[in-house]
Amino acid sequence: IYENIIRINKIRSRIQLTGTPLQNNLTEYWCLLNLLFDSNFMSKKEFKKEISKPIVKGRSTAATAEQVDLGEEQRAVLQRITNGCLLSRSKETLAGEHALKGKEEIIVLCELSPLQADLYQYILSLPDFENAKL
């Protein structure tokens with residue numbers, strides 16, 4: 001979806017808030033990086049082959065020493081790529097007086113503007129969106 005949105009309208013500034021995608025889901029992390037780098041980041045297929053698979057294999061309890069080393073190397077590559085453009089905080093940093101309060105979810109339903117409705121229909125009609133796994 002992010003790729004389709006970027007194709008519609010070039011975005012000058014980007015800010016993303018997320019949990020811990022590097023620990024939870026590397027495909028989610030690729031999506032964040034792809035949006036952050038204006039789709040000039042490596043393809044999802046390349047990311048999976050070069051970065052994601054080695055990291056996941058290296059974390060496996062059945063990993064060989066070589067797989068662990070390669071996984072750590074690729075994790076370090078990923079950190080170098082994102083150094084200076086992603087700010088990460090540990091649980092310890094966020095604990096104490098700066099701890100986040102409980103989650104509050106508020107759902108507000110509103111009608112789309114004519115422009116939003118047109119863009120929404122356009123995105124839904126894109127082949128990439130039709131083939132996307134939701």
Side-chain angles (χ1 to χ4, degrees):
I1 295 175
Y2 292 136
E3 294 172 57
N4 294 334
I5 292 170
I6 289 172
R7 274 187 248 158
I8 293 169
N9 186 8
K10 290 294 181 187
I11 302 169
R12 290 181 296 175
S13 299
R14 294 170 177 82
I15 185 168
Q16 301 173 26
L17 301 175
T18 184
T20 53
L22 185 54
Q23 294 170 348
N24 297 336
N25 185 322
L26 289 169
T27 301
E28 179 185 337
Y29 202 66
W30 174 84
C31 290
L32 295 171
L33 294 173
N34 192 52
L35 179 63
L36 182 68
F37 292 116
D38 194 20
S39 298
N40 291 320
F41 192 59
M42 65 180 72
S43 72
K44 190 186 301 184
K45 186 176 181 178
E46 288 174 299
F47 182 80
K48 202 171 211 175
K49 180 181 174 189
E50 301 295 326
I51 304 289
S52 180
K53 282 188 178 182
I55 291 173
V56 171
K57 282 184 181 181
R59 290 179 178 169
S60 168
T61 56
T64 65
E66 292 82 16
Q67 289 172 323
V68 170
D69 290 344
L70 180 59
E72 282 301 310
E73 287 174 20
Q74 294 309 91
R75 189 189 56 74
V77 166
L78 199 51
Q79 283 185 318
R80 280 194 301 276
I81 290 169
T82 60
N83 190 24
C85 62
L86 287 177
L87 179 61
S88 178
R89 294 288 183 249
S90 67
K91 288 181 183 177
E92 294 78 26
T93 304
L94 297 174
E97 67 181 76
H98 300 292
L100 297 174
K101 306 300 177 218
K103 177 181 173 183
E104 181 179 339
E105 188 171 320
I106 300 172
I107 299 172
V108 178
L109 301 176
C110 59
E111 290 198 32
L112 299 176
S113 71
L115 175 61
Q116 290 171 322
D118 289 346
L119 288 172
Y120 180 72
Q121 290 303 318
Y122 174 75
I123 290 171
L124 291 178
S125 72
L126 292 170
D128 289 345
F129 186 81
E130 290 173 7
N131 298 326
K133 293 180 185 176
L134 299 175

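The first residue in the sequence is number 1, and the count goes up from there.
Taking 4.0 Å as the cut-off between side-chain N and carboxylate O, Glu72 and Arg75 count as a salt-bridged pair.
One distance of note links OG of Ser113 with CG of Leu119; it measures 8.0 Å at 0.5 Å rounding. Taking CD1 from Ile55 and CG from Leu70, the interatomic distance works out to 9.0 Å, rounded to the nearest 0.5 Å. Expressed to the nearest 0.5 Å, how far NZ of Lys57 lies from CD of Glu66 amounts to 12.5 Å. The CD1 atom of Ile51 lies 9.0 Å from the CG atom of Leu26; values are rounded to the nearest 0.5 Å. To the nearest 0.5 angstrom, Tyr120 atom OH is 11.5 Å from Ser125 atom OG.
What you find for Val68 and Gly58 is that their closest heavy atoms are CG2-O, 3.5 Å. The shortest non-hydrogen separation linking Gln74 to Pro54 is CG-CB, 3.8 Å. Taking both residues in full, the closest heavy atoms of Gln116 and Glu111 are given as OE1-O, 4.5 Å, listed atom of the first, atom of the second, then distance. The minimum heavy-atom distance between Met42 and Phe47, with the atom names listed, is SD-CA, 3.4 Å.
In this structure, Asp69 and Thr64 have side chains that are not in contact, with every pair of non-hydrogen atoms separated by 4.5 Å or more.
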